[in-house]
Structures are given as C-alpha cells and as structure tokens.
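Down below is the structure, laid out as structure tokens.
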Amino acid sequence: MMAMIQLRDQGGHHKRICFPTWTPAAFRLYLTVLFATSVLVPGLVLGVVYTRLARAYWASSSGLGPLATGRASSQKLFSRIFSIVAAYWACFLPFWAWQLTRLYQDESLGLGPTAQAYLNFGVTCLAYGNSCINPFLYTLLTKSYRQ
C-alpha cells in the first residue's frame, strides 16, 4: 500500500496529503488479492483446522466414559466450534462482499450516497466487531468460566 501512495503538497500552508497512484484496475486487483489472502484463505484454513480438531476430539472422547456424557460434551464443543467459524464468516463476508461489489459493479446498486455511507459504516463496524466477539466465544462459553 505504501508503494502505491504519493505524498503531495497541498495548499500554501505546508499541508501534505497522500494520493493513491494506481489505476482503478490495479486497485481492483489489489483488493481482490487482499480478500483472498487475508479473509478467504484464512477462513478456509480456520474451517479445516477446527473440523479436524472436532474430529480428533470426537474420536478421543468416544472411547472414554459413558456415551451420554461424551456426546453431551461433544455437542457443546461442536456448537462452540461452529459459533467461532460462523462468527468469522458473518463478520467478514458482508464487509468484503460490499467492497468487492463496489469494485466490480459499475452502478451504485440503486443506493443513494447516504445509504452507501451508512452501509459502508455498518459493514466496517461488523468486520471490526469480530475482534470483540472472539473473546466471548473463546472464554465466556467455556464451562470453567461459567463456574
């Protein structure tokens, strides 16, 4: 990002402002690669890793103790894992869908500037909200925290 920004003098009072130097096509490519490398691939890895974790837990708990106890704790674990993965996608997918739609759709999607600003603000807050939701998912839903 820093390589594609140029610092320019603005006005006569020693004001400086950063201007992007890339073309719209280069910016589209940049955001598409950013989406793939910072959301899509990590999200898929998160899903695969948690699925493998759930399978390993299921295999290890199925042989220990009474079946009902193992199943009840497994169900809680699976719901916790599903909550973590679902929260990730629910928080980041709307933001990136909005960003990429604006890049690849030539029209304004039938929304006025005010509606677009509110939508942009909302999906940005949702994306940042994932960082607020994660501590709750990882700590408040555990049995030791409730006790």
Side-chain angles (χ1 to χ4, degrees), residues 1-62 70-147:
M1 186 69 149
M2 286 176 41
M4 300 304 289
I5 299 292
Q6 181 182 30
L7 188 61
R8 294 184 186 169
D9 290 327
Q10 188 76 12
H13 298 285
H14 301 290
K15 291 183 182 178
R16 297 180 129 188
I17 190 164
C18 293
F19 283 101
T21 60
W22 44 33
T23 65
F27 185 66
R28 183 180 303 155
L29 177 64
Y30 166 73
L31 276 187
T32 304
V33 169
L34 186 64
F35 166 72
T37 58
S38 66
V39 175
L40 186 61
V41 172
L44 294 175
V45 168
L46 179 74
V48 168
V49 167
Y50 275 119
T51 300
R52 292 185 69 185
L53 176 68
R55 284 185 184 162
Y57 181 79
W58 180 268
S60 70
S61 69
S62 63
R71 239 190 222 150
S73 63
S74 293
Q75 292 291 23
K76 289 179 184 178
L77 176 71
F78 292 133
S79 65
R80 204 171 301 136
I81 288 172
F82 177 77
S83 298
I84 291 166
V85 174
Y88 176 86
W89 286 110
C91 288
F92 284 111
L93 207 53
F95 173 80
W96 282 101
W98 171 245
Q99 297 301 319
L100 294 174
T101 300
R102 289 190 317 166
L103 282 178
Y104 288 100
Q105 186 77 21
D106 291 334
E107 303 159 11
S108 64
L109 303 172
L111 299 172
T114 304
Q116 286 187 30
Y118 281 121
L119 184 59
N120 190 55
F121 179 74
V123 296
T124 302
C125 287
L126 188 60
Y128 283 120
N130 184 258
S131 298
C132 299
I133 292 169
N134 274 338
F136 292 104
L137 294 176
Y138 283 102
T139 59
L140 296 180
L141 295 178
T142 62
K143 184 179 178 181
S144 61
Y145 184 84
R146 284 181 289 195
Q147 288 175 348

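Computed from a predicted model, the values in this text were never measured in an experiment.
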Neighbour count above 12 (heavy atom, 6.0 Å) for R8 CZ: yes
Taking atom CZ of F121 as the centre, does the number of heavy atoms from other residues, nucleotides or ligands within less than 6.0 Å exceed 12? no
Does a side-chain heavy-atom distance below 4.5 Å link L29 with W22? no
Do F92 and L40 have side chains that get closer than 4.5 Å, going by heavy atoms? no
Using the rule given for side-chain contact (heavy atoms from CB on, under 4.5 Å), can you reason through Y88 versus N134, listing the C-alpha separation, both sets of side-chain angles and the distance that settles it, and then say yes or no? CA-CA 9 Å; Y88 176 86; N134 274 338; over 6 Å; no
Identify, with sequence neighbours excluded, every residue that meets side chain to side chain contact (heavy atoms under 4.5 Å, CB included) alongside L93. W89
If you round to the nearest 0.5 Å, how far is [atom2] of [Y] from [atom1] of [X]?
X: T124; Y: W98; atom1: OG1; atom2: CH2; answer: 10.0 Å
X: F95; Y: Y128; atom1: CZ; atom2: OH; answer: 7.0 Å
X: R102; Y: R28; atom1: CZ; atom2: CZ; answer: 13.0 Å
X: L119; Y: T114; atom1: CG; atom2: OG1; answer: 12.5 Å
X: Q105; Y: L100; atom1: CD; atom2: CG; answer: 12.0 Å

If you compare all heavy atoms of [X] against all heavy atoms of [Y], which two are closest, and at what distance to 0.1 Å?
X: A87; Y: N130; answer: O-ND2, 3.4 Å
X: G129; Y: C91; answer: C-SG, 4.5 Å
X: P42; Y: A36; answer: CD-O, 4.1 Å
X: F136; Y: C132; answer: CD1-O, 3.1 Å
X: C18; Y: I5; answer: CB-CG2, 3.4 Å
X: N120; Y: Q99; answer: OD1-NE2, 3.2 Å

Can any side-chain N or O of Q116 pair as donor or acceptor with the backbone N or O of L111 at less than 3.5 Å? yes
